[in-house]
Amino acid sequence: MSSKVTLPGSTIGILGGGQLGRMLTIVAKRMGYRVVSWVGGPDNGPAGLADLIIEDAFDRAEGLARFLDEADVATVEFENIPKPLLETIAAKMPLHPGAEAITIGQHREREKDFLSSNEIPCANYAVVDSVETLKTALAGLPDRGGILKTAEFGYDGKGQLPVTREDDADRIWAEFDAPRAVLEEKIDLAAELSVLVVRGQNGETVTYDPAENIHRDHILDVSIVPARLDRSILDEAEAIALRVAEALNYVGILAVEFFVSGDGRLLVNEMAPRPHNSGHHTIDACETSQFEQQLRAVCGLPLGSPTPMRPVVMLNLLGDVWVDSEGSPDWPSILAMPGTTLHLYGKAEARRGRKMGHLNLTAETIEEAIALQNRSRELLKIPPLK
Ligand SMILES: Nc1ncnc2c1ncn2[C@@H]1O[C@H](COP(=O)(O)OP(=O)(O)O)[C@@H](O)[C@H]1O
Ligand SMILES: [Mg+2]
């Protein structure tokens, strides 16, 4: 791994073209960097703030040549970048996180194998690549059943199917239509948490206070910080997340998602080798945002302070808000509420379930922040918090 300081004035190369890269770009521009975004396809808005956008597919030599020519240092805002491409880039310039960590995070089987071989607690699972292996795995499920998940390219609950012991393996495997999957036991969830860890090139680490995450239809709905759980559980989650970062010899920002089971166990669900939706509150509620930390780590600069400044709720704004308000959400009423900041990602088309932006709602207490969040839902016609 090459290690060096990349100073303002240099060019950050971002692989991926979504909102995470856009928010990193905003910070990079503020701090005097240039940005080249290789988005791998037609840009639909989020990457539009970069100095240069490369739309070539990730297997195009022209795209690679331009990226290598322009960028001084590279990072990802999206984990599904082919490993050979990551390795080619890493041979020419610093890439943080490294190809190995990114490719573990892009594949559920590799991720689970990594966790279990490092004795990090996760849900019981079996690898499935045929009707036969599915049959055996189904037979081993507990009464609560399980969730079949594609090994690759799943997000926001896509590529997932709840199953039980009684299900017909032939039918499910034909319908599921993926070459490889993991079957995971269903956890009786008391809560979900995530921890962001930042690790610098010199091994320095910081962790953010865990976020309590509530999902709706498998998509993150809100993140609540501080989480309303016992401090002992939160401390344990931070300690496990740090172990994950150390075991990966990670550089950059890493998100570790956890399940808290009904019987009080903490299990790692998955990890993301990039900034995370459950870290968007850090932009307005912490001394340093997750995007600035990514930039600092990638550039070999000192890490910033993750200290929380105010209790906060992050409320995701899905395309449903636009669809249900016939195109004109009531932003003036939202922005009239003190403690509210609006983040929109510049996406042209609003579709149900598509992440279009988020609100950060800060207050003196977490109860007041939750109340502000409830008021925002009413104004935007979002169904009440679960
Ligand atoms: N084994 C499980 N037991 C209970 N709930 C689960 C399980 N796996 C996933 N879920 C629910 O589905 C959500 C999305 O699943 P996840 O594996 O994180 O995939 P992704 O975020 O990539 O869509 C989780 O946050 C959780 O709410
Ligand atoms: Mg997830």
Side-chain angles (χ1 to χ4, degrees), residues 16 18-20 76-80 102-116 120-128 137-138 140-165 167 176 178 180-196 210-224 227 229 237 240-241 244 253-280 290 314 316 318 352-355 385-386:
Q19 58 266 20
L20 302 175
V76 296
E77 65 96 57
F78 169 68
E79 57 271 36
N80 291 315
I102 296 168
T103 47
I104 289 175
Q106 69 186 202
H107 195 280
R108 285 191 197 274
E109 179 185 343
R110 287 199 285 268
E111 192 170 75
K112 298 272 192 210
D113 290 350
F114 163 81
L115 293 170
S116 10
I120 290 165
C122 62
N124 290 323
Y125 70 100
V127 175
V128 172
L138 285 174
L141 281 179
D143 291 344
R144 231 186 341 267
I147 303 183
L148 188 63
K149 302 182 177 184
T150 54
E152 292 183 280
F153 306 120
Y155 70 99
D156 290 346
K158 292 185 174 63
Q160 297 196 13
L161 183 71
V163 291
T164 67
R165 236 170 10 219
D167 280 324
F176 200 62
R180 226 171 158 81
V182 296
L183 178 58
E184 198 177 289
E185 66 170 328
K186 185 152 198 264
I187 303 299
D188 163 32
L189 289 180
E192 292 187 74
L193 293 175
S194 56
V195 176
L196 294 164
E212 174 187 346
N213 299 322
I214 301 179
H215 295 79
R216 174 186 293 273
D217 300 331
H218 300 279
I219 304 175
L220 183 66
D221 181 9
V222 295
S223 291
I224 300 172
L229 277 92
I240 294 174
V244 173
I253 184 150
L254 173 75
V256 183
E257 294 181 24
F258 292 88
F259 297 140
V260 185
S261 70
D263 55 5
R265 285 174 309 144
L266 203 48
L267 304 167
V268 171
N269 168 21
E270 57 173 355
M271 54 225 197
R274 51 166 171 78
H276 194 258
N277 195 167
S278 67
H280 291 353
Q290 62 168 346
M314 188 284 311
N316 257 343
L318 303 181
R352 286 200 185 276
R354 185 175 200 208
K355 290 172 179 168
L385 186 59
K386 276 205 296 190

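Read the numbers this way: they start at 1 and go in the same order the structure lists the ligands and their atoms. In this text the structure is predicted, and so the values were computed from the model without any measurement.
Each of the atoms 1 (N), 2 (C), 7 (C), 8 (N) of ligand 1 lies under 4.0 Å from some heavy atom of Glu184. For ligand 1, the atoms sitting less than 4.0 Å from at least one non-hydrogen atom of Asp156 are 20 (P), 23 (O), numbered in the order shown with element in parentheses. Numbered from 1 in the order shown, with element, the atoms of ligand 1 that lie under 4.0 Å from a heavy atom of Tyr155 read 22 (O), 23 (O). Taking a cut-off of under 4.0 Å to the non-hydrogen atoms of Glu192, the atoms of ligand 1 that pass are 24 (C), 25 (O), 26 (C), 27 (O).
When the heavy atoms of Glu270, His215, Glu257, Glu111 are ranked by distance to atom 20 (P) of ligand 1, first place goes to Glu270.
For atom 5 (N) of ligand 1, the nearest non-hydrogen atom of the protein is Leu189 CD1, 3.6 Å. Remark: minimum distance from atom 13 (C) of ligand 1 to any protein heavy atom is reached at His218 ND1, 3.9 Å. The protein heavy-atom contact nearest to atom 6 (C) of ligand 1 is Ile147 CD1, 3.6 Å. For atom 22 (O) of ligand 1, the nearest non-hydrogen atom of the protein is Arg108 NH2, 3.1 Å. Protein heavy atom nearest atom 3 (N) of ligand 1, with residue, atom name and distance: Ile187 N, 2.9 Å. Closest protein heavy atom to atom 9 (C) of ligand 1: Lys149 NZ, 3.4 Å. With hydrogens left out, the protein atom closest to atom 19 (O) of ligand 1 is Gln160 NE2, 2.9 Å, a heavy atom.
Nearest heavy atom pair, residue Leu196 against residue His276, reads CD2-CB, 4.2 Å. Smallest separation of non-hydrogen atoms from Lys149 and Glu184: NZ-OE2, 3.1 Å.
Donor-acceptor pairing under 3.5 Å is lacking for the side chains of Ser278 and Ser223. Between the side chains of His215 and Glu192, at least one donor N or O lies within less than 3.5 Å of an accepting N or O. For the residue pair Glu79/His107, the side-chain donor-acceptor check at 3.5 Å is not satisfied. Between Lys355 and Asn277, the side chains place a donor N or O and an acceptor N or O closer than 3.5 Å (distance only, hydrogens not considered). Side-chain N/O atoms of Asp188 and Ser261 include no donor and acceptor closer than 3.5 Å.
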- Item | Val222 and Asn213: CA distance, side-chain angles, deciding distance, side chain to side chain contact (heavy atoms under 4.5 Å, CB included) verdict | CA-CA 6 Å; Val222 295; Asn213 299 322; over 6 Å; no

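Its N, O or S atom nearest to the Mg ion (ligand 2) is what matters here, and for Glu270 that atom is OE2.
The closest approach between a heavy atom of Gly157 and any atom of ligand 1 is below 4.0 Å.
At least one N/O/S atom of Glu257, whether from backbone or side chain, sits less than 2.8 Å from the Mg ion (ligand 2).
Between the side chain of Arg144 and the main chain of Ile187, no donor-acceptor pair closer than 3.5 Å is present.
At a 4.0 Å heavy-atom cut-off, ligand 1 touches Glu185 through the backbone alone.
The pair Glu152-Arg180 fails the salt-bridge criterion, with no side-chain N (NZ, NE, NH1 or NH2) lying under 4.0 Å from an Asp/Glu carboxylate O.
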